[in-house]
K.L.:
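Below you will find the structure I want to go over with you.
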Amino acid sequence: MKTSVAAADTKSSCLSRVWREIQGSGDWSDLVEPLDPLLRAEIVRYGEFVSACYKAFDVDPSSKRYLNCKFGRNSMLDNVDMSSSGYEVTKYIYATPNISIPTQSGTCQSRWVGYVAVSSDEEARRIGRRDVLVTFRGTVTNTEWIANFMSSLAPARLDPHDPRLDVKVESGFLSLYTSDDSTCRFSHGSCREQLLSELSRLLNKYKIGEAKEEISITLAGHSMGSSLALLLAYDVAELGLNKGVPITVYSFGGPRVGNLAFKSRCEALGVKVLRVVNVNDPVTKLPGLVLNENFNWPSCYAHVGVEVTLDFFKMKDPSCVHDLETYISLLRSAFPVRRRGEDVMKKVKGFLMRGRKIEGWRREHAVSNVGGLVQSLRT
């Protein structure tokens, strides 16, 4: 189906016919360069589900729901302007950094990192299958930043029957995924235990039960959240819990998670990963800034999956290079996706000079300053 997606109408009826290809069954061959309109729309759609995590996360230390979701599970999507998303939230997910630093008095170390949702009957008809979705926000709190910078490889050991000691992942991400906080009233068990339990329940309901529907597992995250998404994808596939159900990860501005053996194992298990990357985003180059997939060495970090490459920078707000809303806004506005070997400077200037509006950008400033910085940071 190399040409059918690219040539197809981008209406919802098309998605129901080609959802497997859009979810990566063919490793997105001929869909990334140039970026297929239907795939672009799905990337934006899943990015908005991740954005909902940030909007709903309570970072007010004076709030009773500090470090948790501001809203109840049944109303969360409504409160972040996603009432028409076609999904129902089934569970909130909490993670615990295994690091002891002071927080608000009486506050547990566990914090809300995302949610599990399932497509409704109507949405399932539109997209061609029942979609089980897990989304994760990125780094917000101090302990999460510390965990991110632990930057040492450790054996994942997620399958008790076959530890695969050569498969290693970044220890900080592994800590967030597997640590537990028994004092937290919102969660029971580690992030991993919560997720495996809920996914098993939903798969039994829709795949194994009487319905036996077409089903997909979609995991989406930004920054640290993309790392948790990839760890979950590997874990589910390694344990065989998906029972043949396709697993797709949409990663936004995600760092490297594991070593070359981890990358190879994910590929062997059929985990599909689409990485949306801004070439000027430093997080996507870590860990393994020097020793990475370009070196054939077991201890090197390695990215997993297929890359969709953006190229943007804002002089007056350098932090935008890692901002999820900027990623989504540019994809939604059909900002040009970088293609290998092309003149990025010319393309960015041409796009901006055509007068298209990009939220938060001053076009005249971008043309004179962004272009040079984009060119200087090319990989």
Side-chain angles (χ1 to χ4, degrees), residues 1 5 12 14-32 35-51 53 85-87 93 114-119 123-124 126-136 195-196 198-200 202-203 206-207 213-222 225-254 257-258 262-277 303-308 324 327-328 331:
M1 180 259 128
V5 174
S12 59
C14 173
L15 181 58
S16 66
R17 297 194 302 270
V18 299
W19 69 266
R20 290 185 179 276
E21 289 82 356
I22 293 297
Q23 290 288 97
S25 65
D27 294 315
W28 295 283
S29 176
D30 293 344
L31 299 181
V32 171
L35 185 59
D36 179 81
L38 189 53
L39 177 57
R40 183 191 290 266
E42 284 297 275
I43 294 172
V44 169
R45 186 169 75 93
Y46 285 118
E48 289 172 341
F49 279 113
V50 179
S51 179
C53 291
S85 66
Y87 283 68
I93 303 300
Y115 59 93
V116 182
V118 179
S119 56
E123 182 70 359
R126 186 187 75 85
I127 63 178
R129 82 281 185 189
R130 184 76 64 174
D131 189 32
V132 176
L133 170 66
V134 185
T135 67
F136 301 93
L195 286 164
L196 295 184
E198 181 65 3
L199 287 179
S200 295
L202 293 172
L203 288 173
Y206 293 110
K207 182 68 175 178
E213 301 181 33
E214 284 267 50
I215 190 169
S216 62
I217 298 174
T218 306
L219 316 175
H222 172 242
S226 69
S227 303
L228 293 175
L230 184 52
L231 279 174
L232 174 60
Y234 164 70
D235 196 6
V236 170
E238 189 69 89
L239 295 176
L241 296 181
N242 57 317
K243 304 181 188 301
V245 172
I247 304 173
T248 304
V249 176
Y250 287 87
S251 166
F252 298 86
V257 176
F262 175 73
K263 175 181 184 291
S264 297
R265 188 60 184 157
C266 285
E267 293 171 346
L269 291 168
V271 172
K272 303 300 181 181
V273 183
L274 191 67
R275 297 189 305 109
V276 185
V277 172
H303 273 306
V304 181
V306 175
E307 184 174 299
V308 173
L324 176 61
Y327 271 78
I328 296 172
L331 283 164

K.L.:
For Ile215 versus Trp19, what's the shortest heavy-atom pair and its separation?
P.N.:
O-CH2, 4.0 Å
K.L.:
Please round to the nearest 0.5 Å and tell me the distance separating atom CG of Leu269 and atom OG of Ser264.
P.N.:
11.0 Å
K.L.:
I would like to know whether Val116 and Ile93 meet side chain to side chain contact (heavy atoms under 4.5 Å, CB included); could you show each step before the answer?
P.N.:
CA-CA 7 Å; Val116 182; Ile93 303 300; 3.9 Å; yes
K.L.:
Do you know which two heavy atoms are closest between Ser119 and Tyr87, and how far apart they sit?
P.N.:
N-CD2, 3.5 Å
K.L.:
Hey, does Gln23 have a side-chain heavy atom less than 4.5 Å from the side chain of Tyr250?
P.N.:
yes
K.L.:
Working note: Asp36 + Ile22, criterion side chain to side chain contact (heavy atoms under 4.5 Å, CB included); need CA distance, chi angles, decisive distance, verdict.
P.N.:
CA-CA 9 Å; Asp36 179 81; Ile22 293 297; 4.1 Å; yes
K.L.:
Side chains of Phe252 and Ser51, heavy atoms from C-beta outward: is any pair under 4.5 Å?
P.N.:
no
K.L.:
In chain order, what residues pass the salt bridge (Lys or Arg N to Asp or Glu O under 4.0 Å) check against Glu123, with sequence neighbours excluded?
P.N.:
Arg45, Arg126
K.L.:
Say you draw a straight line from CG of Leu228 to OG of Ser251; how long is it, rounded to the nearest 0.5 Å?
P.N.:
11.0 Å
K.L.:
Measure the shortest side-chain to side-chain distance between Val304 and Leu230 over non-hydrogen atoms and say whether it is less than 4.5 angstrom.
P.N.:
yes
K.L.:
How would you list, by chain and number, every residue that makes a side chain to side chain donor-acceptor pair (under 3.5 Å) with Tyr115, sequence neighbours excluded?
P.N.:
none
K.L.:
Taking all non-hydrogen atoms of both residues, which atom of Leu324 and which atom of Gly47 are closest, and how far apart?
P.N.:
CD2-O, 4.0 Å
K.L.:
Please walk me through it: do Leu232 and Leu196 pass side chain to side chain contact (heavy atoms under 4.5 Å, CB included)?
P.N.:
CA-CA 8 Å; Leu232 174 60; Leu196 295 184; 4.2 Å; yes
K.L.:
Are the side chains of Leu35 and Leu331 in touch, meaning some heavy atoms are under 4.5 Å apart?
P.N.:
yes
K.L.:
By side chain to side chain contact (heavy atoms under 4.5 Å, CB included), which residues pair with Ser200, not counting sequence neighbours?
P.N.:
Leu241
K.L.:
Side chains of Tyr206 and Val118, heavy atoms from C-beta outward: is any pair under 4.5 Å?
P.N.:
yes
K.L.:
How long is the gap from CG on Leu15 to CD1 on Ile127, to the nearest 0.5 Å?
P.N.:
6.5 Å
K.L.:
Might you work through the side chain to side chain contact (heavy atoms under 4.5 Å, CB included) test for Cys266 and Val273, ending with a clear yes or no?
P.N.:
CA-CA 9 Å; Cys266 285; Val273 183; 5.9 Å; no
K.L.:
Mind checking the CH2-NZ spacing from Trp28 to Lys272? Nearest 0.5 Å is all I need.
P.N.:
7.5 Å
K.L.:
Under the ring-ring contact (aromatic ring centres under 6.0 Å, His included) rule, collect the residues that match up with Tyr234, sequence neighbours excluded.
P.N.:
Phe262
K.L.:
Identify, with sequence neighbours excluded, every residue that meets side chain to side chain donor-acceptor pair (under 3.5 Å) alongside Asn242.
P.N.:
none
K.L.:
Check whether any side-chain heavy atom of Val50 lies under 4.5 Å from a side-chain heavy atom of Tyr327, and answer yes or no.
P.N.:
no
K.L.:
In Å, rounded to the nearest 0.5 Å, how long is the span from CG of Leu219 to CG of Leu199?
P.N.:
7.5 Å
K.L.:
Going by side chain to side chain donor-acceptor pair (under 3.5 Å), name the residues that satisfy it together with Ser216, two or more places apart in sequence or in a different chain.
P.N.:
Arg129, Asp131
K.L.:
From Glu48 CD over to Ile328 CD1, what is the distance, rounded to the nearest 0.5 angstrom?
P.N.:
6.0 Å
K.L.:
With the side chain counted from C-beta on, respond yes when Val271 and Val236 share a heavy-atom pair under 4.5 Å apart, and no when they do not.
P.N.:
no
